[in-house]
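Keep in mind the model is a prediction, meaning the values are calculated, not measured. Numbered from 1 within each chain, the chains take letters A, B, ... in sequence-line order.
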2 protein chains.
Amino acid sequence: MAKELTEKQFLKRYDIHEFDIPLTSVDMAIFTIRGGELQVLLVKRAQHPSKGLWALPGGFIDLKKDRTLSDTAHRKLLEKTGVDTPYLEQVESFGSADRDARGWSVTVAYLALITCDDIVLAADESSEEVTWMSVEKVEQEMDLAFDHQAILDVCHDRLKNKVQYTSLPINLLPTEFTLTELQKTFEIILGIPVEKKSFRRRILDADILEETGGMKTGSNRPAKLYSTKPEGVKHFFSRSIEGPRR
Amino acid sequence: MAKELTEKQFLKRYDIHEFDIPLTSVDMAIFTIRGGELQVLLVKRAQHPSKGLWALPGGFIDLKKDRTLSDTAHRKLLEKTGVDTPYLEQVESFGSADRDARGWSVTVAYLALITCDDIVLAADESSEEVTWMSVEKVEQEMDLAFDHQAILDVCHDRLKNKVQYTSLPINLLPTEFTLTELQKTFEIILGIPVEKKSFRRRILDADILEETGGMKTGSNRPAKLYSTKPEGVKHFFSRSIEGPRR
DNA sequence: GTAATAGTGTCTATAAGACACTATTGA
DNA sequence: TCAATAGTGTCTTATAGACACTATTAC
């Protein structure tokens, strides 16, 4: 029997290239509100496999640049949108023998929420086109690369679910907003109307907003502008929005 | 400029061994209730790295045997416990340059709930010892391999959190149980007392249990035995257990 | 003034917590 | 009978939904 190795010796002889291991990547569903609907950022693949198909932005971990998985996610988001401090949450990992033609692969899916104002979308070497697309349209009519359709579904479900008991939609609005704008954002994601008084009571009682002092004027009564207190971007309510009683 | 490759040509020339990619594994926090406390299954590592340290059970994806990530998780669970149809849920993936001495690595963490009755723990070539250990003790006094301490914390947090609004603890009990036993299980995980009447109302109104007809006799009034309806193992309540009001 | 949107008062409904009460067993 | 645990009746509390009401602007 061979003499036992020390951990140092073991690591010295260890060569990852000798093993059959899965490809590992990060993919993101970056959501925003545009044109009164929930949209998601898609890139058109400029490389094989699935060249020419629309896909969620993502890519491989850069073992040199990235110290952690969340670094990879932030880097990808920054590359595509120029934004680097949005709401970012890991959702789920998808791994199987057949989700990528190159072989067994694992992808870690992230969900990001950003306000689309002032975002300049940027293509890079792996994508020839970048665009915002209606989530509803993508889910009903499109055919995304790999299993990105399923990944988008899971991220969208996670978002819809969390909107029932958190303040996440705040992250989809600019820094100053009115309560009506915030309510509309909740309604767009939930897909149901929300009762105005309950909504305002809920948000204001949570003490997560500050009046900025400014007012939003339009063609009617002006509305108070609010901004979010630091912890307000990820507040958890003790009860869910229940929706209309029939 | 080179002629463009077809996808077929691209895939033929693709060799995963040419790339620097992270190691990818699956680790599990397998929870049970034993001795009136929440315990987690640990294995003592028989191989480098971290040889001799206690760790969460887990291992690499077997590209031949496993078609999906969840296959890997089920396989690992079966290897250690002999159980293969428990409650199993993916929790989060952890990836970084320094969590494993062998290099950049990603692990997908799963949470499993099983009843410890009739489980025969089995060591294999990568673990010389397998044991149940109090979660409280592990978190307070032990030093697990890799970042398994952090992974256990996250899985434990996920469990505590979900117990507030789901029926998950049902999965920690044998097929027949009394309402008092179920309540105790909730209390052990939550770490707070639960009000008896509220608890029974909540569980029975949810219509997730069936009376088996049997009674559990002891030295006092016998208690009705219940079993779970098929969908009852993962019921979501519309409101959370709030705990005592002060 | 009117139209339109902002914002409030106050009722009901639902489900949780509190807690005292009754019920059924073994010894 | 008593100790112990099973199980219930019913009040209070917290927060959501309903919906009509008032407030403030542009025109």
Side-chain angles (χ1 to χ4, degrees), chain A residues 36 161 163-167 169 173 176-187 190-226 235-246, chain B residues 36 161 163-167 169 173 176-187 190-226 235-246:
Chain A
N161 198 32
V163 166
Q164 294 175 350
Y165 59 91
T166 69
S167 64
L173 291 172
E176 297 199 355
F177 51 85
T178 68
L179 288 179
T180 302
E181 288 166 349
L182 186 57
Q183 183 183 333
K184 286 275 170 291
T185 305
F186 273 81
E187 289 174 334
L190 290 170
I192 54 168
V194 172
E195 210 288 319
K196 181 167 59 165
K197 184 63 197 288
S198 314
F199 181 78
R200 285 161 178 261
R201 201 172 37 203
R202 183 178 168 88
I203 298 290
L204 295 176
D205 287 358
D207 194 33
I208 56 178
L209 300 185
E210 284 175 332
E211 296 183 16
T212 66
M215 302 289 276
K216 171 148 185 169
T217 57
S219 53
N220 325 90
R221 174 172 174 176
K224 279 184 184 168
L225 283 168
Y226 291 86
H235 180 79
F236 282 61
F237 295 94
S238 68
R239 285 176 57 181
S240 287
I241 293 174
E242 295 167 10
R245 294 178 177 149
R246 56 271 82 241
Chain B
N161 198 34
V163 166
Q164 294 175 349
Y165 60 91
T166 70
S167 65
L173 291 172
E176 297 200 357
F177 51 87
T178 69
L179 287 180
T180 302
E181 289 166 348
L182 186 57
Q183 183 183 334
K184 286 276 169 292
T185 306
F186 273 81
E187 289 174 332
L190 289 171
I192 54 169
V194 172
E195 211 288 317
K196 181 168 56 165
K197 184 61 198 287
S198 314
F199 181 77
R200 285 162 177 261
R201 203 172 33 203
R202 182 177 168 89
I203 298 290
L204 295 177
D205 287 357
D207 194 32
I208 56 179
L209 300 185
E210 284 176 332
E211 297 183 16
T212 66
M215 302 289 277
K216 171 149 185 168
T217 57
S219 53
N220 325 92
R221 174 173 174 176
K224 278 185 184 167
L225 283 168
Y226 291 86
H235 180 78
F236 281 62
F237 295 94
S238 67
R239 287 175 58 178
S240 286
I241 293 174
E242 295 167 11
R245 295 178 175 151
R246 358 52 331 264

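- For the pair A:R200 CZ and D:dC21 P, the computed distance is 19 Å after rounding to whole Å.
- Atom OG in B:S240 sits 14.0 Å away from atom CZ in A:F237 (nearest 0.5 Å).
- The CD atom of B:Q183 sits 12 Å away from the C1' atom of D:dT5 (whole-angstrom rounding).
- Counting to the nearest Å, the P atom of D:dG7 and the CD atom of B:E181 are 11 Å from each other.
- Checked against A:Y226 for a side-chain contact (heavy atoms from CB on, under 4.5 Å), the options A:I208, A:L173, A:L204 give a single hit: A:L204.
- Separating the CZ atom of B:F236 from the C1' atom of C:dA15 is a distance of 19 Å, rounded to the nearest angstrom.
- Distances shorter than 4.0 Å separate none of the side-chain N or O atoms of B:S198 from OP1 or OP2 on C:dA16.
- Contact of A:R239 with D:dA16 (side chain to base): no donor-acceptor pair of N or O atoms is detected under 3.5 Å.
- Nucleic acid contact for B:S240: sugar-phosphate only, since backbone atoms but no base atoms lie under 4.0 Å from a heavy atom of the residue.
- Within 4.0 Å (heavy atoms only), A:T178 reaches no atom of the nucleic acid at all.
- We find that CG of B:L182 is positioned 15 Å from C1' of D:dG7, with the value rounded to whole Å.
- Under the 3.5 Å distance criterion, the side-chain polar atoms of A:R202 are matched with a main-chain donor or acceptor of A:R239.
- Atom CZ in B:R202 sits about 19 Å away from atom C1' in D:dG7, given to the nearest Å.
- If you check distances only, the side chain of A:K197 never reaches the base of D:dG17 with a donor-acceptor pair under 3.5 Å.
- Here the nucleotide nearest the side chain of B:N220, chosen from D:dG17, D:dT5, D:dG7, is D:dT5.
- Evaluated for a salt bridge (Lys or Arg N to Asp or Glu O under 4.0 Å) with B:K216, the options B:E176, B:E181, B:E211 yield exactly one hit, B:E181.
- Heavy atoms of A:L179 sit nowhere under 4.0 angstrom from any nucleic acid atom.
- Toward the 5' end of DNA chain C, the nearer of the two residues B:K196 and A:M215, judged by each one's closest nucleotide, is A:M215.
- Nearest-nucleotide mapping onto DNA chain D: of A:R221 and A:E195, the residue sitting toward the 5' end is A:E195.
- Rounded to a whole Å, the CG atom of B:D207 is 17 Å from the C1' atom of C:dA15.
- For C:dA13, the OP1/OP2 oxygens have no side-chain nitrogen or oxygen of A:R245 closer than 4.0 Å.
- Across all strands shown, A:E242 has heavy atoms under 4.0 Å from sugar-phosphate atoms exclusively, and none from any base.
- In this entry the distance linking CG of B:L190 with C1' of C:dG17 reads 15 Å, nearest Å.
- B:T217 comes within 4.0 angstrom of no nucleic acid atom, judged by non-hydrogen atoms across all strands.
- For the atom pair A:R200 CZ and A:L209 CG, the distance stands at 11.0 Å (nearest 0.5 Å).
- Ring geometry for B:Y165 against B:F236 counts as tilted: the plane angle lies between 30° and 60°, on a 0 to 90° scale.
- A donor-acceptor contact under 3.5 Å is formed by the side chain of A:R201 with the base of D:dG17.
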